[in-house]
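Reviewing the structure listed below.
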Amino acid sequence: MDNRAIGVFDSGLGGLTAVRTLRKLVPNERIVFLGDTARMPYGSRDTETLRKFAEDDFRFLMTKDVKYILIACGTVSSNIENVMTETLSVPVTGVIEPTAEAAIKTSDNGNIGIIATEACIRSGAFQRKLTDLCPSVTVTAVPCPKLVPLIESTSPDEYSHALANALDEYLKPIKENHCDTLILGCTHYPLISDLISEHLGYCVNLIDSGAEAARYTVSQLTEFGLLSPSEKNGDADLYVTASPDRFTSSASFFLGYTPKEATLVDLQIYE
Ligand code: DGL
């Protein structure tokens with residue numbers, strides 16, 4: 001049993017998909033969430049930059065004495081692939097493995113689509129994991145560079161025309177290749193899953209990478225004896241590197257309750 005918090009990070013709102021699943025599964029756990037909103041989007045960055053950002057994010061969370069780190073970001077998970085995590089003194093989970101496993105279990109026809117950021121698709125991490133798990137699978141991987149900036153800039157209850165047009169473009173190959181399962185490989189995308197289903201126009205199983213990583217985290221905490229003994233609901237402390245007010249109001253929408261105000265942090269002072 002361990003009363004320390006679970007650390008979660010992403011470039012921004014996407015990480016809340018993991019937070020909301022953790023809240024449902026283990027409401028008594030405390031969560032420390034970092035959204036690096038000042039440097040969002042991560043998806044257009046090169047691997048070296050992403051490693052540096054991930055180091056900053058890990059370092060910040062470790063100052064909060066977390067017992068476990070969930071990388072709620074497909075872009076970072078796919079570009080560091082366990083390299084840096086070996087140096088940390090707490091267990092770390094990314095989204096690639098749990099999400100790929102869920103997709104393989106879900107697909108009936110073996111045609112699996114992935115939509116994710118440019119950096120995530122370029123890394124090939126999801127594609128490799130899927131074919132390792134099931135060599136006969138057919139993978140359609142589509143980079144979607146416009147989605148994160150649009151999700152972050154549009155009011156959540158009123159998505160823009162631009163988002164609809166982008167989805168039409170990105171989902172075309174998924175439809176053409178008859179994918180019955182679609183990995184939402186960027187954690188921002190489950191925030192618009194209704195819109196994605198609507199634009200697909202036929203029944204496709206959507207795999208939420210944030211939720212899958214959160215489920216896996218809970219199973220790991222259980223296995224390692226790290227669950228909290230508390231019987232009270234745990235707090236979620238939100239930290240961001242820019243625009244805390246805006247983040248708090250979007251977080252209320254996506255989490256379905258009003259969290260404590262997000263706190264602005266400067267990651268440079270933790271270097
Ligand atoms: N939500 C993140 C991901 O899962 C980051 C997206 C971005 O900042 O481009 O890839």
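The residues of the chain are indexed from 1 along the displayed sequence. All ligand and atom numbering here is 1-based and tracks the order in the structure.
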Once you restrict both partners to nitrogen or oxygen, which atoms of ligand 1 have a protein partner under 3.5 Å, and how far apart are they?
from: ligand 1; atom 1: 1 (N); to: Asp10; atom 2: OD1; distance (Å): 3.0
from: ligand 1; atom 1: 1 (N); to: Asp10; atom 2: OD2; distance (Å): 3.2
from: ligand 1; atom 1: 1 (N); to: Thr187; atom 2: OG1; distance (Å): 2.9
from: ligand 1; atom 1: 1 (N); to: His188; atom 2: ND1; distance (Å): 2.7
from: ligand 1; atom 1: 4 (O); to: Gly74; atom 2: N; distance (Å): 2.6
from: ligand 1; atom 1: 4 (O); to: Thr187; atom 2: N; distance (Å): 2.8
from: ligand 1; atom 1: 4 (O); to: Thr187; atom 2: OG1; distance (Å): 3.3
from: ligand 1; atom 1: 8 (O); to: Ser11; atom 2: OG; distance (Å): 2.6
from: ligand 1; atom 1: 8 (O); to: Tyr42; atom 2: N; distance (Å): 2.6
from: ligand 1; atom 1: 9 (O); to: Tyr42; atom 2: N; distance (Å): 3.2
from: ligand 1; atom 1: 9 (O); to: Gly43; atom 2: N; distance (Å): 2.7
from: ligand 1; atom 1: 10 (O); to: Gly74; atom 2: N; distance (Å): 3.4
from: ligand 1; atom 1: 10 (O); to: Thr75; atom 2: N; distance (Å): 3.0
from: ligand 1; atom 1: 10 (O); to: Thr75; atom 2: OG1; distance (Å): 2.5

So the salt bridge (Lys or Arg N to Asp or Glu O under 4.0 Å) pairs with at least one residue in residues 172-184 (sequence neighbours excluded) are Lys172-Glu176

SB check Glu212 Arg215 (cutoff 4.0 Å):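 Between Arg215 and Glu212 there is a salt bridge, with a charged N closer than 4.0 Å to a carboxylate O.
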
Can we say Lys146 and Glu169 salt-bridge, meaning some charged N sits less than 4.0 Å from an Asp/Glu carboxylate O?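 So Lys146 pairs with Glu169 through a salt bridge.
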
Can you pull the side-chain hydrogen bond (donor to acceptor under 3.5 Å, both in side chains) pairs that have at least one residue in residues 16-36, sequence neighbours excluded? Arg23-Tyr257, Glu29-Lys67, Asp36-Arg39, Asp36-Tyr42, Asp36-Thr241

Side-chain donor-acceptor distances from residues 114-123 under 3.5 Å, at least two apart:
from: Thr117; atom 1: OG1; to: Thr75; atom 2: OG1; distance (Å): 2.8
from: Thr117; atom 1: OG1; to: Cys120; atom 2: N; distance (Å): 3.2
from: Arg122; atom 1: NH2; to: Arg45; atom 2: O; distance (Å): 3.2
from: Ser123; atom 1: OG; to: Cys120; atom 2: O; distance (Å): 2.6
from: Ser123; atom 1: OG; to: Ala125; atom 2: N; distance (Å): 3.2

Taking the six-membered ring for Trp and the single ring otherwise, decide whether the centroids of Phe58 and Phe9 are under 6.0 Å apart.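 So the answer is yes for these two rings.
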
